[in-house]
Amino acid sequence: MLFSEIGLGPEVLRAVEDAGYSQPTPIQEKAIPWVLQGRDVLGCAQTGTGKTASFTLPMIDILASGRARARMPRSLILEPTRELAAQVAENFEVYGKYHKLNMALLIGGESFGDQIKKLERGVDVLIATPGRMMDLFDRGNILLSDIKILVIDEADRMLDMGFIPDIERIVGLLPKMRQTLFFSATMPPEIRRLADAFLMNPREITVAPPASPAATVTQAVAMVRGEDKREALRHLLRTEDVKNAFIFCNRKRDVAILHQSLTKHGFNAGALHGDMVQSKRTETLEQFRQGEIALLCCSDVAARGIDIAGVSHVFNFDVPHHADDYVHRIGRTGRAGKTGRAFMLATPDDGRTLDAIEKLIGREIPRIMIDGLETPDMSEGESEGGRRRRPARGASPRGDAKGPRRRGGSDAPRESQAAVEAAPQVEEVAEARRPERAERPERSGRDRDRGRNRDSRADAPRDVARAETRPPRQDDRGEPRRRWRDEDDGPSVVGFGDDVPAFMLRVARPAPRAATPETFEDADTPEA
Ligand code: AMP
């Protein structure tokens with residue numbers, strides 16, 4: 001099918017042609033005609049499928065007629081992260097270049113003043129993260145009574161991040177007569193329940209089975225000791241033909257530590273995580289996009305949807321806690337038919353999570369060993385999976401069988417003395433914190449306090465008090481979903497979304513000294 005056959009207007013078609021697209025992707029082919037007809041759409045599709053254009057293109061056509069009034073946007077697109085929201089805004093600029101539609105991007109970490117000014121001028125398309133959107137609504141800067149089209153994108157990610165109470169509140173403020181487009185990469189029961197509540201007689205569209213890693217990505221996992229991870233990564237960075245790479249860590253503070261370490265070892269690296277100010281996040285991502293930074297140490301804030309062409313590698317410095325995240329992370333490479341390579345570093349403690357990932361993707365990830373590093377005995381790990389499996393020598397994705405690896409062996413990677421001397425400081429910091437990691441998924445006292453600061457919780461879920469307790473969530477594979485909110489979208493947590501543990505709702509009695517929040521001051525903060 002050609003773009004010209006799915007009912008889009010001539011200006012949009014011209015913009016699509018300028019963008020270099022000749023044929024619609026499956027989600028575009030299936031969704032666009034229904035959106036143009038005004039129908040609600042329930043789309044089960046991942047990023048990378050052309051999902052964004054499947055709603056932006058027809059929206060531009062629909063909104064082309066009509067004018068926006070001050071503070072009364074005509075359409076609303078909700079995105080879970082600031083980066084995704086910014087990316088959708090870029091799409092609107094590209095595809096809407098032959099139209100005169102006004103757009104406002106409302107994301108946390110940026111000045112209220114500019115956003116308010118835009119709203120005052122009247123916007124056709126409002127693209128927002130839920131927290132900032134509600135802040136502006138509560139301040140009286142937005143009226144939602146003129147919204148004709150609502151898009152909820154990445155609904156499962158919204159759920160993971162605890163945004164569902166906000167989403168429910170926002171939807172409750174919209175006119176009943178509207179068109180709703182709802183997208184999610186997976187459809188666990190609670191997402192389906194939401195879809196049932198928000199959509200009217202939707203067309204259901206599914207493209208590509210959820211969580212199938214791109215066939216174009218070659219994967220491998222190296223079994224290493226925790227203390228060898230940085231060295232293993234450096235070895236991979238030096239021996240692989242890395243043009244540019246995302247390097248994922250599970251925690252924000254580990255992103256910062258790894259970034260510092262790589263920089264000290266002479267790598268051209270940047271960092272991206274949710275505790276950084278938005279201007280720095282935007283600047284870093286742009287530098288990575290432009291090739292000014294080759295390696296981007298990041299948390300899962302970059303795992304979903306960030307669309308940067310031609311990323312050669314993804315490194316999972318940490319095995320992600322949740323198997324879905326593995327798929328999203330490695331999906332940053334091997335995009336648009338290009339090939340990519342994804343490496344993961346796993347320690348004996350990662351056996352169970354590694355098992356879950358392999359179960360999800362339906363195959364074993366080839367094991368490799370790192371020159372000069374001892375391969376740990378996997379039975380050292382506490383998990384069953386750790387006990388079960390040992391890395392097979394010579395299982396490199398390139399098929400290059402390699403001999404036994406020993407620390408300090410003749411083929412050990414060489415590093416400059418200066419770099420080696422520079423490293424201990426950051427490595428010591430990391431070591432000192434390591435024991436806390438797996439044990440304390442809850443938020444630190446500091447983060448809780450930070451969450452109370454209104455200015456810093458731009459994208460935070462709220463309405464904790466009205467949230468109800470629920471049994472543990474299961475996703476569509478029957479796995480319990482994460483109980484904590486992904487804190488990556490800013491230091492902005494004030495609650496557990498709609499998943500408040502019962503003990504939090506009880507009236508607190510004075511706590512003994514050892515249990516004061518200060519006790520947790522240094523506790524590590526999980527991100528995913
Ligand atoms: P998305 O799933 O929206 O993140 O899109 C993934 C990538 O596919 C983006 O780089 C889009 O620019 C690109 N894309 C979207 N539609 C098409 C198309 N019809 N043909 C080729 N590439 C596309």
Side-chain angles (χ1 to χ4, degrees), residues 1-9 12-33 35-36 41 43-61 77-97 105 125 127 151-158 181-186 205-217 244 246 285-286 288-290 300-312 314 324 327-340:
M1 186 182 250
L2 298 172
F3 262 114
S4 53
E5 295 169 315
I6 50 176
L8 292 166
V12 174
L13 287 177
R14 195 141 59 97
V16 166
E17 203 181 313
D18 291 353
Y21 308 148
S22 51
Q23 285 188 320
T25 64
I27 181 86
Q28 292 163 3
E29 191 177 320
K30 290 179 187 169
I32 290 173
V35 181
L36 288 171
V41 167
C44 188
Q46 296 178 18
T47 56
T49 54
K51 171 170 63 88
T52 317
S54 79
F55 60 85
T56 48
L57 296 176
M59 278 176 79
I60 292 167
D61 251 5
I77 300 173
L78 293 171
E79 293 288 336
T81 68
R82 299 167 188 177
E83 277 73 15
L84 276 172
Q87 205 164 275
V88 172
E90 279 168 28
N91 271 249
F92 257 98
E93 268 162 20
V94 170
Y95 303 135
K97 66 194 222 185
L105 177 62
V125 185
I127 303 165
V151 179
I152 298 173
D153 197 16
E154 300 273 337
D156 52 353
R157 176 81 162 156
M158 301 268 201
L181 315 174
F182 186 105
F183 294 91
S184 189
T186 56
I205 294 166
T206 301
V207 297
S212 56
T216 49
V217 180
N244 52 0
F246 283 100
L285 200 56
E286 194 49 33
F288 184 62
R289 204 185 289 274
Q290 299 301 332
D300 282 292
V301 77
R304 290 245 187 165
I306 299 295
D307 182 36
I308 295 180
V311 172
S312 71
V314 166
D324 277 352
V327 179
H328 290 292
R329 288 177 180 188
I330 72 164
R332 298 313 97 212
T333 181
R335 291 171 80 77
K338 294 208 172 100
T339 56

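Both ligands and their constituent atoms are indexed starting at 1 by order of listing.
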Atoms in ligand 1 with a heavy atom of Phe3 nearer than 4.0 Å | 19 (N)
Any idea which atoms of ligand 1 are less than 4.0 Å away from a heavy-atom of Gly50?
-> 1 (P), 2 (O), 3 (O), 5 (O), 15 (C)
Backbone, side chain, both or neither: what part of Asp307 comes under 4.0 angstrom of ligand 1, heavy atoms only?
-> side chain
About how many Å separate CD1 of Ile308 and CD of Glu286, when rounded to the nearest 0.5 Å?
-> 8.0 Å
Using a strict 4.0 Å cut-off to heavy atoms of Lys51, name the atoms of ligand 1 that fall inside it.
-> 1 (P), 2 (O), 3 (O)
Here the gap from Ile127 atom CD1 to Arg82 atom CZ, rounded to the nearest 0.5 Å, amounts to 16.0 Å
Give the atoms of ligand 1, by number and element, whose distance to some non-hydrogen atom of Thr52 is under 4.0 Å.
-> 1 (P), 3 (O), 4 (O)
What part of Gln23 sits under 4.0 Å from ligand 1 if we count only heavy atoms: the side chain, the backbone, both or neither?
-> backbone
Can you find a side-chain donor-acceptor pair between Asn91 and Thr56 that sits under 3.5 Å?
-> no
Measure the CE-CD distance between Met1 and Gln28 for me, rounded to the nearest 0.5 Å.
-> 12.0 Å
Give a yes or no on whether a salt bridge exists between Arg14 and Glu17, defined as a side-chain N under 4.0 angstrom from a carboxylate O.
-> no
Ligand 1 atoms nearer than 4.0 angstrom to some heavy atom of Thr25 are 17 (C), 18 (C), 19 (N)
From CG (Leu57) to CG (Leu36), nearest 0.5 Å | 9.0 Å
Report the member of Tyr21, Phe183, Phe55 with the shortest heavy-atom distance to atom 18 (C) of ligand 1.
-> Tyr21
Value rounded to 0.5 Å, distance of CD1 in Ile77 from CD1 in Ile152 = 11.5 Å
Report yes if some N/O of Gln87 lies less than 3.5 Å from some N/O of ligand 1; otherwise report no.
-> no
Once you round to the nearest 0.5 Å, how far does CG of Asp324 lie from CZ of Arg329?
-> 11.5 Å
Could you tell me whether Pro24 and ligand 1 have an N or O pair separated by under 3.5 Å?
-> no
Find all atoms of ligand 1 within a distance of less than 4.0 Å from any non-hydrogen atom belonging to Thr49, and give their numbers and elements.
-> 2 (O)
